[in-house]
Amino acid sequence: MKNFLRGLSAITLVNVINGVLGVVIVPVAVKRLGIEGYGLYSIFSVLAGYLVLVELGLGKNLVRLLGAVAAEAEARELLRLALGLYVAIAAGLLLLAPVLIAAVEAVMFHVSAPYVASVYWIAGIAIVDYLLGIPVSIRLNYALSRERIGEYAKFMFISNASRYALMLAGVLLTSRVELAVAFVLGRRLVDLAAAPRILPHLPAGSWRPRLSWREAQALVGQSSLLALTQLLQLSTVAIGSIMVNRFFGLAALGVYRSAFDIVSKVWFFSNTAGTVLYPRFVQLLRRPESRARLGRILPGLQSASWLAYCLAAVAGIIVAPFVLNVMRLNATPPLLFALLVVGVVWNAHSVLSSEVLQAGGHFRAVGETAAVSFVAMTAVFLLLARSSPAYAIGWAWVISQFLSSVFMDAQALRRLRGTISVGALGKGRVPGAVLACSMLAWLSGLWVPPLIVASTIALVVIASEAPMIRRAIGDMSGGERVAVST
């Protein structure tokens, strides 16, 4: 438990630093590239996320499978098979690159004629970035499967620090977006040099790729549902950029993404939890007694997570005007920024239940939740795009993420406990939502006595959850030593 907490602390510190660096780069990039240029720059992030999907969920599934084996020989054969699949994926990606690059502008991001060539260059750079990252990705997956969190944290600090340093250099040295994006490729060269020196070495012989179509089909078959889930999760994030660009143009995309890229840094913290907890949950779910304990304490852990993130949302709403003023993002309405804060932190909350489900192999449940999120996001935006263009994407985030986070929690509880108490689930979620929405109303100038009363009642109900939360956290800490075999 002590090593686990030390690793969690290390990676949390790393992500705090990287989050700060990521926030600092946004106003600098907006000033140097202009609001349309920043919208163009943000296309790289969307494409980089989608390219990971070509591996059909192989990376995450590899962590789960490696975490379930202890013998070095078994781990080596899994790694060799995975490397063989990565080689095949890389060859296919290079073969299809011309078609994929053209499709980015034709299907995803429509831009005016002066920007078309830039979109093509950005798409090509994203493909090269993914290919250069494959060897490092394999090392990272192996490190996570062995719960080598300290080494993982050290590497991620160096990798992301070099990434943001090169991003900053890019936007300071050139105002051409495609050249600024190209600077990011230098991070991959740093990764390739640093990974062998920091991350644990793979078992001898792991770098000899092999392809067994029968085993590969089994491995990809297990991963394909996860890949579909990741596609839906990623599309929930990406569809906002695509729809804003399609409906309102490149400048509106720049306004949205400059706010979103700041707010989404909260995912550094939720991803920290997910990265550390996933291999731990894999171990917990292997034994009936530790699985039963996790089922008992999960409601309290979910309530603690929801409360923490709702309080973070309230803080974010309060400081929204100040943050925008300090960063000189004058084109961004404070209410849009605040809506994105609420939606993004509720999305971050769902990571806990998502990792529990994925660790147990319940990829379909995660996929169903991702589908709810994607459909709700798209539907709300389309309903509000004409009547409330400035805030449609913000409300789409708020409504879709409340629905999907509650649905995700319910799925995790049903898989671990067999039953769901709708009343208890509502008691744990509605008060926090009421508190956050009351603060949104305050920011909009609609602060009235009924909202004060609603907020007071919400706080009282939240306080009543404290004993359950304390018991869950205490049980998790106290029972860890006997629950996990290492």
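FYI, the numbering just counts along the sequence from 1.
Side-chain contact between Phe281 and Gln358 is absent, with no heavy-atom pair separated by less than 4.5 Å. For the pair Tyr86/Leu131, no side-chain contact is recorded, criterion being any heavy-atom separation below 4.5 Å from C-beta on. Trp397 places none of its side-chain heavy atoms less than 4.5 Å from the side chain of Leu339.
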Can you list, pair by pair, the side-chain donor-acceptor contacts under 3.5 Å of residues 120-129, counting residues two or more places apart and other chains?
unit_1 : atom_1 : unit_2 : atom_2 : d
Asp129 : OD1    : Arg188 : NE     : 3.1
Asp129 : OD2    : Arg188 : NH2    : 3.3

Atom pairs and distances, donor-acceptor, side-chain atoms in residues 375-392, under 3.5 Å, two or more places apart:
unit_1 : atom_1 : unit_2 : atom_2 : d
Thr378 : OG1    : Phe374 : O      : 2.9

Would you be so kind as to tabulate the donor-acceptor pairs closer than 3.5 Å made by side chains of residues 96-112, with sequence neighbours excluded?
unit_1 : atom_1 : unit_2 : atom_2 : d
His110 : ND1    : Glu105 : O      : 3.3
His110 : NE2    : Arg246 : NH2    : 3.3

Check residues 315-337 and write down every donor-acceptor pair under 3.5 Å in which the side-chain atom is one partner and the other belongs to a residue at least two apart or another chain.
none

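Closest non-hydrogen pair, Ser400 versus Ala396, comes out as OG-O, 2.6 Å. Among all heavy-atom pairs drawn from Leu232 and Ala370, the shortest one is CB-CB, 3.5 Å. The nearest pair of heavy atoms linking Tyr41 to Leu33 is CD1-CD1, 3.7 Å. The minimum heavy-atom distance between Val30 and Ser258, with the atom names listed, is CG2-CB, 3.9 Å. For the pair Gln233 and Ser354, the tightest heavy-atom approach, listed with the atom from each and the gap, is NE2-OG, 4.1 Å. Shortest non-hydrogen contact noted between Val345 and Val342 is CG2-O, 3.3 Å.
Between the CG atom in Leu199 and the CD atom in Glu151 there is a gap of 7.5 Å [rounded to 0.5 Å]. Atom-to-atom distance recorded for Tyr256:OH and Met243:CE is 8.0 Å, nearest 0.5 angstrom. Note that OG of Ser241 and CG of Leu47 are 10.0 Å apart. Values are rounded to the nearest 0.5 Å. Phe183 contributes atom CZ, which lies 8.0 Å from atom CG of Leu166 (distance to the nearest 0.5 angstrom). Interatomic distance, CG of Leu340 versus CG of Asn347, reported as 12.0 Å (0.5 Å rounding). If you take CZ on Arg257 and CD1 on Ile43, they are separated by 10.0 Å, rounding to the nearest 0.5 Å.
Looking at residues two or more places apart in sequence or on another chain, you find no side chain to side chain donor-acceptor pair (under 3.5 Å) involving Arg139. Ser353 meets the side-chain contact (heavy atoms from CB on, under 4.5 Å) test with Gln302, Met408, Asp409, Ala412; sequence neighbours excluded. Checked against side-chain contact (heavy atoms from CB on, under 4.5 Å), Ser270 has the following partners two or more places apart in sequence or in another chain: Trp267, Tyr309, Ala348, Val351. Contacts of Glu36 classified as salt bridge (charged side-chain N to carboxylate O under 4.0 Å, His left out), with partners at least two apart in sequence or in another chain: none.
Between the side chain of Ser264 and the backbone N or O of Phe260 there is at least one donor-acceptor pair closer than 3.5 Å. Judged by distance alone, the side chain of Ser405 and the main-chain N or O of Gln401 form a donor-acceptor pair under 3.5 Å. Side-chain atoms of Thr174 do not come within 3.5 Å of backbone N or O of Gly170 as any donor-acceptor pair. For the pair Ser438 (side chain) and Val434 (backbone), a donor-acceptor distance under 3.5 Å is present. The closest donor-acceptor contact from the side chain of Ser159 to the backbone of Met156 lies at 3.5 Å or more, if one exists at all.
Sequence neighbours left out, not one pair with a member in residues 336-350 passes salt bridge (charged side-chain N to carboxylate O under 4.0 Å, His left out). Screening residues 152-172 for salt bridge (charged side-chain N to carboxylate O under 4.0 Å, His left out), with sequence neighbours left out, gives no hits. Every pair tested for salt bridge (charged side-chain N to carboxylate O under 4.0 Å, His left out) that includes a residue from residues 389-400 fails, sequence neighbours excluded, so the list is empty. Pairs engaging residues 266-279 under the salt bridge (charged side-chain N to carboxylate O under 4.0 Å, His left out) rule: none recorded [sequence neighbours left out].
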Assess the residue pair Tyr130 and Ile134 against the criterion (side-chain contact (heavy atoms from CB on, under 4.5 Å)); give the C-alpha distance rounded to whole Å, side-chain angles, the decisive distance to 0.1 Å, and a yes or no.
CA-CA 7 Å; Tyr130 171 76; Ile134 287 176; 4.0 Å; yes

Going through the distances and angles, do Arg146 and Leu66 end up as a side-chain contact (heavy atoms from CB on, under 4.5 Å)?
CA-CA 8 Å; Arg146 295 301 184 253; Leu66 286 171; 4.2 Å; yes

